[in-house]
2 protein chains.
Amino acid sequence: MTIVDSADELGRRDRKKLETRAALERAALTLVAERGLAGVTVEDIAEAVDVSSRTFFNYFPSKEDALIGRNQFTAAELREKLEAVPPEVPVLEALRRMARAEAEHVQEQQEQWLLRLKVFEQNPSLLPRLVASGTETERAVTEAVARRAGVEPGTTGYPELVTAAGLAAFRVAMMRWSAAGARRPLAGLVDEAFAQLAAGLPNP
Amino acid sequence: MTIVDSADELGRRDRKKLETRAALERAALTLVAERGLAGVTVEDIAEAVDVSSRTFFNYFPSKEDALIGRNQFTAAELREKLEAVPPEVPVLEALRRMARAEAEHVQEQQEQWLLRLKVFEQNPSLLPRLVASGTETERAVTEAVARRAGVEPGTTGYPELVTAAGLAAFRVAMMRWSAAGARRPLAGLVDEAFAQLAAGLPNP
DNA sequence: TGAAACATTGCAGATTATGAAAAATCCCCC
DNA sequence: GGGGGATTTTTCATAATCTGCAATGTTTCA
């Protein structure tokens with residue numbers, strides 16, 4: 001019936017799934033922003049989207065995961081961005097470029113991200129999850145870094161350290177960006193953080 | 001009845017509390033090491049110590065917290081160690097000394113820590129918690145760092161970044177230490193990680 | 001169109017977590 | 001030593017999270 005069935009090549013089923021997922025994320029974020037993490041139950045979120053709470057759990061394993069969202073820095077996405085950087089570029093610089101690419105992605109969805117970060121600030125128990133949204137992501141990046149540096153993972157600790165530091169830099173940039181109400185471009189804040197890392201974190 | 005009532009100056013009540021807490025931690029660690037995180041319920045842990053599961057929750061807000069333990073790097077402890085370093089020492093170096101002090105503390109309880117780290121490796125969902133065992137700790141260190149650096153927190157991002165990087169260095173050292181079966185002294189691994197940070201994380 | 005594939009739902013049940021009040025234990029002081 | 005007050009532990013009740021399973025619709029594709 002529709003003239004243009006879809007911009008994507010997805011079928012109706014998959015489109016509906018994406019829609020439901022996005023609606024659940026959105027509902028979770030707005031409700032928790034209003035009432036706080038403890039003031040919102042999974043049932044509330046499911047009801048706001050008009051699905052059963054069982055369906056909620058088909059999409060997310062927990063309330064927290066709905067807040068973090070899936071559009072999140074996935075392992076594959078980050079690794080891909082990292083591997084797109086020419087191999088002769090030093091690791092830290094490569095991580096900076098990866099972070100900048102992610103930053104653009106974040107800025108494309110300003111509103112949602114600002115809401116998310118606000119929720120995270122107001123509910124600190126969620127923060128550790130943001131760090132790398134699960135260890136899986138960090139491990140994937142660590143592996144890519146190890147390959148790039150030509151080091152066996154788990155021997156020198158270098159890949160683990162530089163990855164952790166790089167992700168921390170990205171996180172700090174995000175928090176500053178949020179705190180400043182997105183008045184400064186995220187990319188610039190990312191650059192600053194990485195510059196401090198590269199300089200060996202001297203006293204300011 | 002007892003000739004020497006106690007080596008500590010604690011009363012029987014407080015001694016029992018400490019004992020119960022330690023027993024719960026120990027039981028949680030050993031059980032989870034055997035059966036995995038999902039294979040152990042709070043009731044199992046409580047039963048192993050012969051207390052009611054309600055009592056478990058009087059000591060720990062969640063199963064995970066029992067694994068992390070309370071003897072953990074507390075906010076106060078870390079801040080104290082950090083403030084013990086003369087103020088003219090640069091921030092990163094001060095964090096290194098703090099980490100070394102903690103390292104000694106960890107090595108005093110090798111067995112328990114190795115078991116803990118093994119559990120954390122086998123149950124990665126716990127890892128983010130180890131980073132700073134809650135954001136509270138990290139924030140406390142960040143504040144101390146900000147004071148030391150003479151910077152307003154939340155403006156430059158420097159305290160946040162150097163704290164995150166320093167704690168990451170400590171964490172990486174711990175993981176390497178554990179992976180090597182504690183054959184290398186933790187303090188040396190801490191030094192290595194901080195040296196890499198101070199050098200700006202150059203490719204190895 | 002018809003059958004296979006998949007999404008959603010309701011329900012039962014295990015587990016986690018918290019509050020309130022009763023029961024047991026400990027501590028301090030007489 | 002022994003009792004009164006404080007504290008801890010337990011019991012009981014209850015809410016919320018989360019997981020299988022089977023039934024019921026949709027969507028897809030041949």
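Lettering of chains follows the sequences in order, A, B, ..., and the numbering in each one begins at 1.
Looking only at atom types and distance, the side chain of B:E43 has no donor-acceptor partner in the side chain of B:T41 under 3.5 Å away. When only modelled atom types and interatomic distance are considered, A:N58 and A:T55 share no side-chain donor-acceptor pair under 3.5 Å. Judged purely by distance below 3.5 Å, without hydrogens or angles, the side chains of B:E138 and B:T163 never pair a donor atom with an acceptor atom.
When the P atom of C:dT9 is taken as reference, atom CZ of A:F56 falls 13 Å away, rounded to whole Å. Per the geometry, CG belonging to A:D50 stands 15 Å off C1' belonging to C:dA7, to the nearest Å. In this structure, the NZ atom of B:K63 is 13 Å from the C1' atom of D:dT17, given to the nearest Å. In this structure, CZ of A:R54 is placed 16 Å from P of C:dG13, rounded to the nearest angstrom. Distance A:D44 CG to D:dA15 C1': 13 Å, rounded to the nearest Å. Rounding to whole angstrom units, NZ of residue A:K17 and P of D:dT26 are separated by 18 Å. Rounding to whole angstrom units, CZ of residue B:R15 and P of C:dT25 are separated by 17 Å. Straight-line distance from the CD atom of B:E43 to the P atom of C:dT16: 9 Å, rounded to whole Å.
Comparing C:dT8, D:dT10, D:dT8 by their nearest atom to the side chain of A:N58 picks out C:dT8. Between C:dG10, D:dT17, C:dT16, one nucleotide has an atom nearer to the side chain of B:T41 than all others, and that is C:dT16. When each of C:dT25, D:dT11, D:dC18 is scored by its nearest atom to the side-chain atoms of B:K16, the top-ranked nucleotide is C:dT25. Taking the side chain of B:Y59 as heavy atoms from C-beta on, and the options C:dG10, D:dT10, D:dT8, the nearest nucleotide is D:dT8. Comparing C:dT8, D:dT19, C:dA17 against the side chain of A:F57 picks out D:dT19 as the nearest.
With A:F170 as the aromatic partner, A:R100 does not meet the cation-pi criteria of under 6.0 angstrom to the ring centre and within 45 degrees of the ring axis.
Remark: B:R15 does not engage B:E19 in a salt bridge, criterion side-chain N to carboxylate O under 4.0 Å.
Using a 4.0 Å cut-off, some side-chain N or O of B:T55 falls inside it from OP1 or OP2 of D:dT10.
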